[in-house]
Enquirer: 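I am attaching a structure below and will ask some questions about it afterwards.
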Amino acid sequence: MSRGRSDESPKKRLVASVCGVAFFLGFLYVFQGSIFGSQNSPTIEYGKSLKRLGASYLGADDDADNKQQDASTSLVQGDAVGEDIIPKSFPVCDDRHSELIPCLDRHLIYQLRLKLDLSLMEHYERHCPPAERRFNCLIPPPPGYKVPIKWPQSREEVWKLNIPHTHLAQEKSDQNWMVVKGEKIFFPGGGTHFHKGADKYIAAIANMLNFSNNNLNNEGRLRTVLDVGCGVASFGGYLLASDIIAMSLAPNDVHQNQIQFALERGIPAYLGVLGTKRLPYPSRSFELAHCSRCRIDWLQRDGILLLELDRVLRPGGYFAYSSPEAYAQDEEDLRIWREMSALVGRMCWRIASKKNQTVIWQKPLTNDCYMEREPGTRPPLCQSDEDPDAVWGVNMEICITPYSEHDHKAQGSELAPWPSRLTSPPPRLADLGYSNEIFEKDTELWQKRVENYWNLMGSKISSNTVRNVMDMKANMGSFAAALKDKDVWVMNVVSHQGPSTLRIVFDRGLIGSTHDWCEAFSTYPRTYDLLHAWTVFSDIQAKECSPQDLLLEMDRLVRPTGFIIIRDKQPVIDFVKKYLTALHWEEVATSDSSSDSEQDGNEVVFIVQKKLWLTSGSLRGAAE
C-alpha cells in the first residue's frame, strides 16, 4: 500500500507544478495590462479570465465570499513606488453584475440576512454593503452594448441589447408600454391607464383643471411633478414638451427595469419607494403628484404614504389619482374610496375635479383648515420642532406638515412662473440666511464656468452629445441653470450634511436628490452622459471616505463615451490622473480656474471621457 502511494506522488506533484505555473502566467497576463489591447483602439476587450471576479456575490457561502472579497480588496494592480501605487488596471466584475446597484441589491439583503418587513417595502429601500463587501471592480456593459440613441429620438426607441429585458413588453402588451421590433425597443407612449397615449392623458388632466389651452403647465405656474409608480416614465417624457419636469419614481421591483428604460430614453427618473423612509426631497418641492394605477395602498398605517405626498407638495399642490377606486362600483373599491375620501378630507384636501377614472385633489394654501379641525382629529399636525426638510435616512411620520407663519400669510409659494423662476431669487433663500445678491452672483459665476467647460470640450461635444446630466454637488442649482439653453436635464445632488439647499434647487424649477457620496447612488450603471464633480473628492476625503470607491462609482454612473468634469484642488486632480489608464478614461482638457472665475483660484478643471470597452461576451453578443 505504501509503495502504491509513493508511485502516485511524483505524478501528483508534476500536475500540481504545471497547474501552478499556468496559474502564475495567467495571473501576470491578466494584471499587467496586456488585456487592454491598444490604447488607440476605440473598443477595448477584456478577456474571459476576468469574468468570475465578483461572481461569489450572487450566492456563494460566506467563507468563499470573504476570500473573494479579500482578493479584490486591493483596488488595483500596479507598480509600487514608495507608498504610491501607479495603477495599471482594475479587475472587471462578473458579467452578471452589469446592472449592479450596490445599495439596492437584493442578493446583498439575502446574504446579510437582513430582517426586513416586506409589507412595508423595506426590501426596496437602500441597504448599502459594508466596506468589506463592496465590489472593487469595473461594471461591464451587457453583451452587444451600443452607444445609446440620442435625444429626442431616444424618447421613442432604445437599443434592445443595452437593456436586454423584454418581459415588460409581453406583460404590458395590451397597454402600449413598449414594443420589441428587431434590435430596438419602441415606446408608443402608453401606460396602464392611458393606453391611447400620455399626451392625450396629460391634456385631459389640464382640461379637468380648466387650465388654458389644455396645457398642464398653467402658464408656467406648474413646473415640477412627482410621478409615483411611473412605469417606463412615458408620462414624464411627454410632460417635457409642456416645459414641465417630472421626477419619475419607482422601485427596483418585479418591473425592475422600468427606471432603467426611462433613463436610457433620456427621461428624468430615480429609483425609490414609498416605504418607511422619507423620499429624498425637501418639503414643498412639487406642484403636482401623480399616480396612475401605481398599486400603492394609500390607506396603510393611518395614511402615512399620503402624508408623505402632502409633505413634498407645495401650497395648493395637486394629487392626480387614476385608479379603479376613483370610479369602480364593486363593494371593495367603494369601501376604499369612502375611506380614502375621509382621510384626505381630514388632511384638508379638497376635490378639484373628478371625471371618468381620475380624481384630482388639491392641498390647502394656508393653515386655516388645520386650525378648524376638531381636537384629536387624526392625522395630527407635526410637532413644531420637526424639520420637514430632513430626509436622509429619516422615517416618515404620521402627521401633517403645517406651513410656517410666513407661508401661511403668503397663501402660496410666491414663486415666479417658469422660465423666470429659474433666475428669480426664491423666498426660501432667507431660510438659509442667503441674500438675493449671493444668489444672483452664484448664478452669474456658474454661467461663466459652464461656458468655459463647453469651450474646453470643443469638438468633442455637439448639440446632442449630452442628455442626462448629474451635478454631484449642486449647491443652489446654478450649474444646471446655466444649461437652460441646452437640450439636457440635470439631476442636482445635494449632500445631506450642510445647508439644505435642495429646496432652492426645486424652487428654481429644477429637480434633484439628497445623497451621501460615501455611498452608491440609487440608479443603474451607464445612466449619465455627463457628471460634474465640484470639490466632491475634497469633501469625501474630509469625511475619511474612500476616493477610490468614488472613482469606481462615477465610472458605474457614466455612460461609455460620456464625460466627467472634475473641479477641485490640484492634489485631487493629480490623484485622479493616476487612475486614468486603470479606469479607461481619457483626458480631454485641463485648465486652472482663472479663466472662468474670480473665486477659488486654487481650483483646477479636469475633463475626461470614458472609453467604450467590452468583455469578450459583449463582443460575441454584438456579433450575433
Side-chain angles (χ1 to χ4, degrees), residues 126 223-228 230 233 236 239-240 244-250 259 262-263 266-272 277-289 311-314 388-394 413 415 418 421-423 426 428-429 431-432 434 439 442-443 446 450 466-484 486 488-517 519-523 527-536 539 553-554 557 565:
R126 288 174 58 85
R223 166 65 181 171
T224 52
V225 170
L226 176 66
D227 187 17
V228 180
C230 63
L239 283 174
L240 292 166
I244 297 172
I245 188 164
M247 180 69 78
S248 297
L249 182 78
I259 292 295
L263 292 164
I267 300 171
Y270 182 83
L271 276 166
K277 306 295 183 186
R278 283 178 171 176
L279 296 175
Y281 319 122
S283 64
R284 294 179 282 139
S285 293
F286 301 97
E287 274 95 20
L288 171 72
R311 182 186 69 83
V312 300
L313 279 175
R314 298 197 195 278
D389 297 323
V391 297
W392 189 250
V394 176
S413 62
L415 297 176
W418 180 265
R421 182 181 300 188
L422 186 65
T423 52
R428 285 201 279 186
L429 279 174
D431 296 347
L432 298 170
Y434 294 170
F439 175 86
D442 189 69
T443 300
W446 280 103
V450 168
V466 172
R467 173 60 186 171
N468 300 353
V469 178
M470 175 184 283
D471 190 0
M472 298 173 68
K473 184 182 177 181
N475 192 24
M476 290 187 284
S478 293
F479 169 82
L483 295 171
K484 64 182 183 299
K486 303 186 187 302
V488 304
W489 68 272
V490 182
M491 177 67 78
N492 293 277
V493 181
V494 172
S495 172
H496 70 104
Q497 298 175 320
S500 55
T501 55
L502 190 58
R503 69 185 91 169
I504 307 303
V505 170
F506 275 95
D507 285 355
R508 300 183 78 166
L510 305 169
I511 60 171
S513 176
T514 304
H515 189 60
D516 181 350
W517 283 115
E519 300 178 359
F521 195 76
S522 294
T523 195
T527 294
Y528 290 92
D529 301 297
L530 173 65
L531 304 180
H532 177 243
W534 171 45
T535 68
V536 175
D539 292 344
E553 173 62 2
M554 292 169 74
L557 295 176
I565 302 173

Enquirer: Please round to the nearest 0.5 Å and tell me the distance separating atom CE of Met476 and atom CG of Asp442.
Expert: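 Taking CE in Met476 and CG in Asp442, the distance rounds to 4.0 Å.
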Enquirer: Looking at every non-hydrogen atom in both residues, tell me the closest pair between Trp489 and Ala269 and how far apart they are.
Expert: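 Scanning both residues completely, I find the closest heavy atoms to be CH2-N, 4.2 Å.
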Enquirer: Please report the interatomic distance OG(Ser495) to CH2(Trp392), rounded to the nearest 0.5 Å.
Expert: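 Ser495 atom OG to Trp392 atom CH2 measures 9.0 Å (nearest 0.5 Å).
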Enquirer: What's the separation between atom CZ in Phe286 and atom CD1 in Ile511, rounded to the nearest 0.5 Å?
Expert: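 Phe286 CZ to Ile511 CD1: 7.5 Å, rounded to 0.5 Å.
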Enquirer: Give me the atom names and distance for the closest heavy-atom approach of Ala246 to Gly236.
Expert: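 Minimum heavy-atom contact is CB-CA, 3.9 Å.
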Enquirer: Would you say the side chain of His532 lies within less than 4.5 Å of the side chain of Val450, judging by non-hydrogen atoms?
Expert: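 No, too far: nothing below the 4.5 Å cut-off.
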Enquirer: From Leu226 CG over to Met247 CE, what is the distance, rounded to the nearest 0.5 angstrom?
Expert: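 One finds 8.0 Å between CG of Leu226 and CE of Met247.
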Enquirer: Can you tell me how the ring of Phe521 sits relative to the ring of Trp517, calling it parallel under 30°, perpendicular over 60° and tilted otherwise?
Expert: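 Parallel: the ring planes of Phe521 and Trp517 meet at under 30°.
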Enquirer: Of all heavy-atom pairs between Leu510 and Gly477, which one has the smallest distance, and what is that distance?
Expert: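 Distance-wise, the nearest heavy atoms are CD1-O, 3.6 Å.
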Enquirer: Tell me yes or no: between the side chains of Arg428 and Ser413, is some donor less than 3.5 Å from an acceptor?
Expert: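 Judged by distance alone, the side chains do not pair up.
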Enquirer: Assess, by modelled atom type and distance only, whether the side chains of Arg508 and Thr443 contain a donor and an acceptor separated by less than 3.5 Å.
Expert: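 Thr443 and Arg508 do have a side-chain donor-acceptor pair below 3.5 Å.
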Enquirer: Should Ser283 and Val391 count as side-chain neighbours, where that means a heavy-atom distance under 4.5 Å?
Expert: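 Result no, sub-4.5 Å side-chain heavy-atom pair not found.
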Enquirer: What is the minimum heavy-atom distance between Thr423 and Phe439, and which atoms define it?
Expert: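 Of all heavy-atom pairs spanning Thr423 and Phe439, the closest is O-CE2, 3.4 Å.
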Enquirer: For a quick test of reading the model, state the closest non-hydrogen atom pair linking Thr224 to Ser285 and the distance between them.
Expert: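 The pair with the smallest heavy-atom distance is OG1-O, 2.8 Å.
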Enquirer: Do Tyr434 and Ile504 touch side chain to side chain, with heavy atoms closer than 4.5 Å?
Expert: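 Heavy-atom side-chain distance check fails, nothing below 4.5 Å.
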Enquirer: If you measure from CH2 on Trp534 to CH2 on Trp446, what distance do you get to the nearest 0.5 Å?
Expert: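 The CH2 atom of Trp534 sits 5.5 Å away from the CH2 atom of Trp446.
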Enquirer: Should Tyr281 and Leu249 count as side-chain neighbours, where that means a heavy-atom distance under 4.5 Å?
Expert: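 Sidechains of Leu249 and Tyr281: in contact.
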Enquirer: Where do Ile259 and Ser248 come nearest, in terms of heavy atoms and distance?
Expert: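 Closest heavy-atom pair between Ile259 and Ser248: CD1-O, 3.7 Å.
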Enquirer: Give the intermediate values and the outcome of side-chain contact (heavy atoms from CB on, under 4.5 Å) for residues Arg126 and Glu519.
Expert: CA-CA 10 Å; Arg126 288 174 58 85; Glu519 300 178 359; 2.9 Å; yes
Enquirer: Are the side chain of Arg467 and the backbone N or O of Gly266 linked by a donor-acceptor pair below 3.5 Å?
Expert: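 Yes; judged by distance alone, with no hydrogens or angles, the pair exists.
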Enquirer: Check whether any side-chain heavy atom of Pro268 sits under 4.5 Å from a side-chain heavy atom of Met491, and report yes or no.
Expert: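 SC-SC contact between Pro268 and Met491 ruled out.
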Enquirer: Hey, are the side chains of Leu557 and Thr523 touching, using non-hydrogen atoms and a 4.5 Å cut-off?
Expert: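 In contact.
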Enquirer: How many angstroms lie between CG in Leu531 and CE in Met472, if you round to the nearest 0.5 Å?
Expert: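 CE of Met472 is found 6.0 Å from CG of Leu531.
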Enquirer: Indicate yes or no: does Arg314 engage Asp507 in a salt bridge with an N to O separation below 4.0 Å.
Expert: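 Looking at Asp507 together with Arg314, the answer is yes, because their closest N to O distance falls below 4.0 Å.
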Enquirer: Applying side chain to side chain contact (heavy atoms under 4.5 Å, CB included) between Pro282 and each of Leu502, Val505, Val494, report the one that passes.
Expert: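 It is Leu502; the other options fail the test.
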Enquirer: Would a distance-only check, ignoring hydrogens and angles, find a side-chain to backbone donor-acceptor pair under 3.5 Å from Arg223 to Gly509?
Expert: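 Judged by distance alone, yes, a pair lies under 3.5 Å.
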Enquirer: Is the side chain of Asn468 donor-acceptor paired with the backbone N or O of Leu263 at a distance under 3.5 Å, no angle test?
Expert: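 Yes; judged by distance alone, with no hydrogens or angles, the pair exists.
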Enquirer: Mind running side-chain contact (heavy atoms from CB on, under 4.5 Å) on Val466 and Lys486 for me, showing each step along the way?
Expert: CA-CA 9 Å; Val466 172; Lys486 303 186 187 302; over 6 Å; no
